[in-house]
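Below: the structure, in structure tokens.
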2 protein chains.
Amino acid sequence: MAKVVIMAGEEQDTEAKIKRAAEQVFLEYGYEGAKIRQIADAAGVNIALVNYYFRSKEQLFKSIYMENFRAFFGRIVMMLNEETPLEVKIWKIVDRYTDFILDNPLIPIFILAENRKGSDVFFKELHVREVIKSAYFTKQLQEEVSKGNIRPIKPLHLIMTIVGNIVFPILARPIVSYVGDFDSDGFRQFMEERKKIVPEMIMAYLRPV
Amino acid sequence: MAKVVIMAGEEQDTEAKIKRAAEQVFLEYGYEGAKIRQIADAAGVNIALVNYYFRSKEQLFKSIYMENFRAFFGRIVMMLNEETPLEVKIWKIVDRYTDFILDNPLIPIFILAENRKGSDVFFKELHVREVIKSAYFTKQLQEEVSKGNIRPIKPLHLIMTIVGNIVFPILARPIVSYVGDFDSDGFRQFMEERKKIVPEMIMAYLRPV
DNA sequence: GTCTATAGAGCGATAGAC
DNA sequence: GTCTATCGCTCTATAGAC
């Protein structure tokens, strides 16, 4: 029987400590830019120990990529499928997703940059397609259309519009901050403004003519 | 006097050949992922020759980054400042910028990923801020607002909305194609649909209530 | 201007002691 | 489980011949 001691807070087991350090380093520098030595230093351990727990850089990376992919896309899919009236839902998603991205601004570029290779597309393992196609959100949209409440739109267009409008300014943050002459608060304020603009724009489009 | 021979087409001088190869490799793999050996191979020359012309990997990279930054953001700023009525302009920009991004799909992730470091922000050299602030587009927006033709909006919000709606699906292309079950044509078709949706959505928002 | 050869540093990974 | 030491490889950059 393994003896597991839960400490008051500060302490963690070594594996978790390495993973947390790796996440921070990978998010900031990407796969190629991150070095195992740097991860080991950040975790306060040795290179050998990183490989002891995770066998290789690639395997360590993959586990962190999967977690963040799920946080990034899984979160929005989950919110889309809540059983809330459409307009309320759109306002709520934009609000909460903006907050999430502001709190985790490195996730989008991390996910999208590593995805460039497109190689294995191991997000298939996460069943994103099935979740979207069979989802409550898709049915909800169809119903609203057939009731004549909104004009027809493919779910994927709506999702791209919501996510793109929130995420793109974060991706381009250095440029946006420079052009708008924003400090950290100024940029946050800019994003707060978008919480109102984006849902209003979507609803203005959806309302039937 | 240097003797310059312009060939029928196929041939180029070595410097241009290296630069073209470097652009292709950097765009696909990013700064860290690209290797000088690979660039030299793609150009059909030797590593030593790459350094002979460009002194270092970083300097070669920077010249390519600047060119693509200008293509990516400069293009939209230029289009924004054409003296065309606002609504026509928005339709035209979305149409042409979508085509540009479809023809050069690697540019956005290349620019945004390398910008992550934010470090030197050497796009300052391109005077993006000044161009936007003193621009015809800004004045045009103000005029339309004071005429009561549109509701008030900051230029930067409008720009982010246009660019984000076009660029984000390209950045997320592997995921979009997987979820939507698109082949290459299917994805292009999806982007063609956005050429209509995005301007309509923006105009629906801008029209005064 | 273009090549070969190599210097010199940093990388990921592992063997082996404790 | 955790460390030190080191192997073998690949990287960028340059020296020097042609």
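Residue numbering restarts at 1 for every chain, and letters A, B, ... go by the order of the sequence lines.
Between B/Tyr31 atom OH and D/dC11 atom C1' there is a gap of 11 Å when expressed in whole angstrom units. The distance from atom CD1 of A/Ile18 to atom P of C/dA13 is 14 Å, rounded to the nearest whole Å. Straight-line distance from the CD1 atom of A/Ile47 to the P atom of D/dC3: 11 Å, rounded to whole Å. What separates CD of B/Glu32 from P of D/dT10 is a distance of 19 Å, to the nearest Å. With rounding to whole Å, B/Gln38 atom CD is found 15 Å from D/dT12 atom C1'. The CD-P distance, from B/Gln59 to D/dT14, rounds to 11 Å in whole Å. Spacing between atom CG of B/Leu49 and atom C1' of D/dA15 amounts to 15 Å, rounded to whole angstrom units. For A/Tyr52 and C/dA15, the OH to P distance is 14 Å, given to the nearest whole Å.
Across all strands shown, A/Ile36 has heavy atoms under 4.0 Å from sugar-phosphate atoms exclusively, and none from any base. Within the 4.0 angstrom heavy-atom criterion, only backbone atoms of the sugar-phosphate kind lie near B/Ala34; the bases stay farther away. Using a 4.0 Å heavy-atom cutoff across all strands shown, B/Tyr53 reaches sugar-phosphate atoms only and no base atom.
Set against D/dC3, C/dG12, C/dC3, the side chain of A/Lys57 has C/dG12 as its closest nucleotide. Out of D/dC3, C/dC3, D/dA13, the shortest distance to the side chain of B/Asn46 is found at C/dC3. Residue A/Asn51 has its side chain nearest to C/dT14 when only C/dT14, D/dC11, D/dT2 are considered.
Under the 30°/60° scheme for interplanar angles, the aromatic rings of B/Phe26 and B/Tyr31 are found to lie parallel.
In terms of the side chain to side chain donor-acceptor pair (under 3.5 Å) criterion, B/Asn104 has no residue partners (sequence neighbours excluded).
Residues B/Phe182 and B/Phe190 place their aromatic rings such that the two centres sit under 6.0 Å apart.
Because its NZ or CZ atom is not both nearer than 6.0 Å to the ring centre of A/Tyr97 and within 45° of the ring axis, A/Arg75 does not count as a cation-pi partner of that residue.
In terms of modelled atom types and a separation under 3.5 Å, the side chain of B/Gln140 and the main chain of B/Thr84 share a donor-acceptor contact.
The phosphate of D/dT12 has neither OP1 nor OP2 within less than 4.0 Å of any side-chain N or O from B/Ser56.
Looking at which nucleotide of DNA chain C each of A/Ala48 and A/Lys35 is closest to, the 5′-most match is held by A/Lys35.
At a cut-off of 3.5 angstrom, the base of C/dG12 holds at least one donor-acceptor pair with the side chain of A/Arg37.
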